[in-house]
Asks: 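First, the structure itself, so that you have it in front of you.
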Amino acid sequence: MQTTFDLFADTESTQPPRAEQIGEQSWVLRGFALPDMDTLLLALDVVLASAALRHMVTPGGFSMSVATSSCGALGWITDRSGYRYSSVDPATGQPWPRMPEVFCSLARAAATHAGFADFTPDSCLINRYVPGAKMSLHQDKDEKAYAAPIVSLSLGLPAMFLFGGFERSDKPQRIPLLHGDMVIWGGVDRLRYHGVLPIKPGQHPRLGEQRVNLTFRSAG
Ligand code: SIN
Ligand code: FE2
């Protein structure tokens with residue numbers, strides 16, 4: 001299923017973003033973050049200056065190919081004892097940096113456009129992919145409740161996003177994601193499997209040789 005139509009005909013925006021429906025309650029909003037990009041990238045640098053990206057280890061002992069950090073009240077972490085959310089950055093022992101206002105307002109706006117009013121993220125996971133890095137198919141299941149959607153923002157190099165079903169073996173849709181695109185899935189689609197194919201080599205004019213994904217969640 002992949003339909004394209006204009007959800008934004010009644011807004012005052014001069015160039016309405018394209019909305020593609022990828023599930024009953026799942027949407028890709030093309031270029032949704034582009035108008036806020038300068039502010040967003042400055043805020044991202046500030047966050048990463050106090051909570052540096054690092055390669056976390058899975059419970060099985062493997063180092064993840066993505067480098068990870070977080071901001072907001074809760075940050076997703078993994079180590080030998082499991083996957084979970086933590087209010088402190090294990091690398092510094094300090095609380096995670098506050099979620100920048102531009103992150104929060106963008107995530108809320110994207111969620112609203114996708115039909116999820118009143119989304120209040122308390123966690124923003126930052127994943128940095130260099131060429132070759134990937135994310136295997138998984139469900140986002142470490143949150144306390146599943147009522148809130150997942151809101152994801154892609155920055156930098158293109159990615160092929162896999163959007164699957166409710167079983168790992170369900171054949172996923174392949175959705176190319178570009179700088180500034182946002183994906184929102186929730187409601188009946190909240191527990192769909194998803195992942196990212198290995199990032200292809202390239203240079204992005206703003207971010208260089210990397211893709212950065214921000215995932216906004218209500219975790220606590
Ligand atoms: C994730 O599911 O944690 C990341 C998805 C993405 O990088 O687009
Ligand atoms: Fe995920």
Asks: Please confirm whether the backbone N or O of Glu24 pairs with a side-chain atom of Asp189, one donor and one acceptor, at under 3.5 Å?
Replies: yes
Asks: Measure the CD1-OG distance between Ile77 and Ser69 for me, rounded to the nearest 0.5 Å.
Replies: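 With rounding to 0.5 Å, CD1 (Ile77) is 11.5 Å from OG (Ser69).
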Asks: Is the backbone N or O of Ala145 less than 3.5 Å from a side-chain atom of Glu143, with the two atoms forming a donor-acceptor pair by type?
Replies: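 Side chain of Glu143 to backbone of Ala145, a donor-acceptor pair under 3.5 Å: no, none is there.
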Asks: Report the distance from atom OG of Ser154 to atom CZ of Arg211, rounding to the nearest 0.5 Å.
Replies: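 Answer rounded to 0.5 Å: 3.5 Å.
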Asks: For Arg84, look at atom CZ and say whether over 12 heavy atoms of other residues, nucleotides or ligands are found less than 6.0 Å away.
Replies: yes
Asks: What's the spacing between Ser87 OG and Asp122 CG if we round to 0.5 Å?
Replies: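 Ser87 OG to Asp122 CG: 11.0 Å, rounded to 0.5 Å.
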Asks: Distance-only, no hydrogens or angles: does the Ser123 side chain make a donor-acceptor pair with backbone N or O of Ala219 under 3.5 Å?
Replies: no
Asks: Spell out, yes or no, whether Val102 and Ile184 are grouped together once hydrophobic residues are joined by side-chain heavy atoms under 4.5 Å, including indirect joins.
Replies: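 Yes, because Val102 and Ile184 connect within a single hydrophobic cluster, where side-chain heavy atoms sit under 4.5 Å apart.
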Asks: Consider only side-chain heavy atoms of I, L, V, M, F, W and Y, link residues closer than 4.5 Å, and tell whether Ile199 and Leu137 are in one cluster.
Replies: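 In one cluster with Ile199: Leu137, no.
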Asks: Let me check something: any side-chain donor-acceptor pairs from residues 37-49 under 3.5 Å, sequence neighbours excluded? List them with distances.
Replies:
{"residue": "Asp38", "atom": "OD1", "partner": "Arg206", "partner atom": "NH1", "Å": "3.1"}
{"residue": "Asp38", "atom": "OD1", "partner": "Arg206", "partner atom": "NH2", "Å": "3.1"}

Asks: Which atoms form the tightest heavy-atom contact between Ala110 and Leu29, and what is the distance?
Replies: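 Shortest heavy-atom contact: O-CD1, 3.8 Å.
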Asks: Ring pair (Phe, Tyr, Trp, His ring centres under 6.0 Å): which pairs involve residues 116-144, sequence neighbours left out?
Replies: His138-His194
Asks: Is the backbone of Met64 close enough, under 3.5 Å, to the side chain of His55 for a donor and an acceptor to pair up by distance?
Replies: yes
Asks: In terms of ring plane angle, is the pair Phe216 and Phe103 parallel, tilted or perpendicular, where the classes change at 30° and 60°?
Replies: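 Correct class here is perpendicular.
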Asks: Considering only heavy atoms from C-beta outward, does the side chain of Met160 approach that of Val196 to under 4.5 Å?
Replies: no
Asks: Mind checking whether Val183 and Tyr146 sit in one hydrophobic cluster, side chains of I, L, V, M, F, W, Y counted as touching below 4.5 Å?
Replies: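 Each belongs to a different hydrophobic cluster.
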Asks: I need the Met56 CE to Asp79 CG distance, nearest 0.5 Å.
Replies: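 The CG atom of Asp79 is 8.5 Å from CE of Met56, to the nearest 0.5 Å.
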Asks: How is the hydrophobic cluster of Phe62 composed, in terms of its other members, when Ile, Leu, Val, Met, Phe, Trp and Tyr link through side-chain heavy atoms under 4.5 Å apart, directly or indirectly?
Replies: none
Asks: Testing the basics here: between Trp185 and Arg192, what is the closest heavy-atom pair and its distance to 0.1 Å?
Replies: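 Nearest heavy atoms, Trp185 then Arg192: NE1-O, 4.4 Å.
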Asks: Carefully, step by step, assess Leu155 and Asn213 under the rule side-chain contact (heavy atoms from CB on, under 4.5 Å).
Replies: CA-CA 6 Å; Leu155 302 168; Asn213 177 261; over 6 Å; no
Asks: Is there a path of hydrophobic side-chain contacts, each under 4.5 Å between heavy atoms of I/L/V/M/F/W/Y residues, joining Leu178 to Met182?
Replies: no
Asks: What distance do Leu162 atom CG and Gln173 atom CD have between them, rounded to the nearest 0.5 Å?
Replies: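 Separation between the atoms: 10.0 Å.
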Asks: Quick one: do Val66 and Trp76 end up in the same hydrophobic cluster if we chain Ile, Leu, Val, Met, Phe, Trp and Tyr together by side-chain heavy atoms under 4.5 Å apart?
Replies: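 Same hydrophobic cluster.
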Asks: Would you check if the side chain of Glu101 reaches a backbone N or O of Cys104 as a donor-acceptor pair within less than 3.5 Å?
Replies: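 No; judged by distance alone, with no hydrogens or angles, the pair does not exist.
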Asks: Starting at OG of Ser70, measure out to CD1 of Ile126 and round the result to the nearest 0.5 Å.
Replies: 6.5 Å
Asks: What I'd like to find out is whether the side chain of Pro172 reaches to under 4.5 Å of the side chain of Phe163, using heavy atoms alone.
Replies: no
Asks: So, Thr68 and Arg54: side-chain donor and acceptor under 3.5 Å apart, yes or no?
Replies: no
Asks: Can Asn127 and Thr215 be counted as having a side-chain donor-acceptor contact under 3.5 angstrom?
Replies: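 No.
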Asks: Parallel, tilted or perpendicular for Phe32 and His113, by the 30°/60° rule?
Replies: perpendicular
